Amino acid sequence: MNAHDRDFSGQDLAVLHYGDGEFAVLKPGRYVICAVSGAKIPIEQLRYWSAPLQEAYAGPAEALKRWQETQR
């Protein structure tokens with residue numbers, strides 16, 4: 001097994017602080033969890049999040065869904 005074959009275990013979960021247009025790594029890891037779908041999002045692919053809610057989203061559809069839920 002090499003570094004690319006590792007499964008995503010709890011030790012690879014990152015903890016981030018989401019800001020406006022950027023995020024800060026509080027605990028290093030390889031991925032975060034989408035707040036809507038529960039999907040694992042590799043840090044290098046993270047593009048969508050909410051600073052007020054401090055949540056990550058797998059893509060624009062998940063971000064829109066959460067936004068719509070919070071507007072009710």
Side-chain angles (χ1 to χ4, degrees):
M1 180 187 305
N2 62 40
H4 298 289
D5 292 336
R6 291 183 356 183
D7 66 333
F8 289 118
S9 62
Q11 68 191 25
D12 289 331
L13 179 63
V15 176
L16 307 180
H17 179 271
Y18 303 101
D20 293 330
E22 63 186 18
F23 55 82
V25 177
L26 302 178
K27 178 181 168 266
R30 295 177 62 187
Y31 67 91
V32 292
I33 302 294
C34 176
V36 174
S37 68
K40 294 176 183 174
I41 311 163
I43 297 298
E44 63 273 4
Q45 294 178 11
L46 179 60
R47 302 288 181 270
Y48 299 91
W49 62 83
S50 169
L53 299 177
Q54 289 296 295
E55 296 179 334
Y57 309 116
E62 291 84 359
L64 177 60
K65 181 177 180 184
R66 179 64 88 215
W67 180 82
Q68 290 172 331
E69 291 171 356
T70 61
Q71 298 305 304
R72 295 180 186 175

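When a residue number appears, it is its place in the shown sequence, counting from 1. Small disclaimer: the values here were computed from a predicted structure and weren't measured.
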Selection residues 50-64 - residue pairs positive for side-chain hydrogen bond (donor to acceptor under 3.5 Å, both in side chains), sequence neighbours left out
Glu55-Tyr57, Glu55-Arg66
Go through the structure and list residues passing side chain to side chain contact (heavy atoms under 4.5 Å, CB included) with Leu64, not counting sequence neighbours.
Trp67, Gln68
Measure from the side-chain N and O atoms of Lys40 to the backbone N and O of Leu13, and report whether any donor-acceptor pair falls under 3.5 Å.
no
What are the two closest heavy atoms between Ala58 and Ser37, and how far apart are they?
CB-OG, 4.3 Å
Clusters formed by hydrophobic residues whose side-chain heavy atoms approach within less than 4.5 Å: which one holds Trp49, and what are its other members?
Leu16, Tyr18, Phe23, Val25, Val32, Ile41, Ile43, Leu46
Mind checking who shares a hydrophobic cluster with Val15, ILVMFWY linked at side-chain heavy-atom distances under 4.5 Å?
Leu26
